[in-house]
Amino acid sequence: MAAGLAGLPVFSLGGGPGYVVQPSFGFIIGFLPGACAAGYAYNRLGRIVAYPRVLAAYITGAASVYFIGIAYMYIILEFYLKKPGTALAVTIISMLPYMAKDIVLGLVISFLGRFIPSMKKAASY
């Protein structure tokens, strides 16, 4: 995030400090708390078998990213770009395809998560 805001073209539309007013920037902001929330959930559920544990961690992280991203997008559309009234509906509707994709990916990742304990064990040798 710092590199992109410093001007390196690491975001989808380039980079620079002006990127802060892009409606999608909230999702970039949401990655940090989302990762922390997912890691916390995963560690907190330490005695649960891998599939539900990874699924719960994924849902927690994705929900954090979407909550922050949608709230930020709404604020930018409503107050900065002056799109009153329809900003929240447009924001939520525009996120539905991404949410559907993320649900499918979350299920796949959670299924593959059952192999995490054996990979950790193999890596410790």
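Note that the structure is predicted; figures quoted are calculated from it, not measured. Every heavy atom of this structure was used, including side-chain atoms; hydrogens, water molecules and symmetry mates were not.
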field: Same cluster (ILVMFWY, side-chain, under 4.5 Å), I93 and I70
entry: no
task: For M1 and I28, work out which heavy atoms get closest and say how close.
output: CG-CG2, 4.1 Å
field: Validation row: L107, Y51 side chains within 4.5 angstrom (heavy atoms)
entry: yes
- prompt: Side chain of Y42, backbone of L55: donor and acceptor closer than 3.5 Å?
  reply: no
statement: For G34 and S64, the nearest pair of non-hydrogen atoms, with its separation, is CA-CB, 3.7 Å
message: With heavy-atom distances below 4.5 Å as the criterion, would you say the side chains of L5 and F25 are in contact?
response: yes
message: If hydrophobic clusters are built by linking Ile, Leu, Val, Met, Phe, Trp and Tyr wherever their side-chain heavy atoms come under 4.5 Å apart, do L45 and Y40 end up in the same one?
response: no
For the student: nearest non-hydrogen atoms of A41 and A57, plus distance: CB-CA, 4.0 Å
- prompt: Yes or no on side chain to side chain contact (heavy atoms under 4.5 Å, CB included) for Y72 and V20, after CA distance, side-chain angles and deciding distance?
  reply: CA-CA 10 Å; Y72 191 90; V20 173; 3.3 Å; yes
- request: Could you state whether L32 and Y66 fall into the same hydrophobic cluster, counting links through intermediate Ile, Leu, Val, Met, Phe, Trp or Tyr residues with side-chain heavy atoms under 4.5 angstrom apart?
  value: no
task: For atom NZ of K121, decide whether the heavy atoms of other residues, nucleotides or ligands shown that lie under 6.0 angstrom number more than 12.
output: no
message: Restricting to non-hydrogen atoms, name the atom on P23 and the atom on L77 that form the minimum distance, rounded to 0.1 Å.
response: CG-CD2, 4.3 Å
field: Spacing of I92 atom CD1 and M99 atom CE [to the nearest 0.5 Å]
entry: 7.0 Å
task: Flag yes if F79 and V21 sit in one hydrophobic cluster, no otherwise; membership is Ile, Leu, Val, Met, Phe, Trp, Tyr, and two members link when side-chain heavy atoms are under 4.5 Å apart.
output: yes
message: What I'd like to find out is whether the side chain of F31 reaches to under 4.5 Å of the side chain of I68, using heavy atoms alone.
response: no
message: Within a 6.0 Å radius of atom OH on Y80, are there more than 12 heavy atoms belonging to other residues, nucleotides or ligands?
response: no
Heavy atoms from other residues, nucleotides or ligands near CZ of F67 exceed 12 (cutoff 6.0 Å): no
task: Apply side chain to side chain contact (heavy atoms under 4.5 Å, CB included) to F27 and Q22, showing your working.
output: CA-CA 10 Å; F27 294 97; Q22 292 292 327; over 6 Å; no
query: Do you know which two heavy atoms are closest between M73 and S94, and how far apart they sit?
result: SD-OG, 4.3 Å
